[in-house]
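Below is one structure, written out as structure tokens, with a few remarks after it.
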Amino acid sequence: MDNQAPDGKNISQSSIFKTLLAKAERYLKHPAEVTKLLNEAFKKATAKKV
């Protein structure tokens, strides 16, 4: 197993990084969506499990 720190260039070229970057850019263009996202996350985090 390789225990070295990942290379930033390799990370920036990964498909998951590109997907997350596109999502982040959309949130920057629509700040109201950030509030909506955080409210939904808070509701899920505080929901009581039966």
Q) When Ile, Leu, Val, Met, Phe, Trp and Tyr are grouped by side-chain heavy atoms lying under 4.5 Å apart, directly or through other members, which residues fall in the same group as F42? A)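 F42 shares its hydrophobic cluster with no other residue.
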**Q.** Connected-component partners of V34 among ILVMFWY, side-chain separation under 4.5 Å
**A.** Y27, L37, L38
Q: Would you mind listing every salt bridge (Lys or Arg N to Asp or Glu O under 4.0 Å) that reaches into residues 15-39, with sequence neighbours excluded?
A: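 Residue pairs passing salt bridge (Lys or Arg N to Asp or Glu O under 4.0 Å), neighbours aside: none found.
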Q: Please list, chain by chain and in numerical order, all residues satisfying side-chain contact (heavy atoms from CB on, under 4.5 Å) with I16, sequence neighbours excluded.
A: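 Applying side-chain contact (heavy atoms from CB on, under 4.5 Å) to I16 gives S14, L20.
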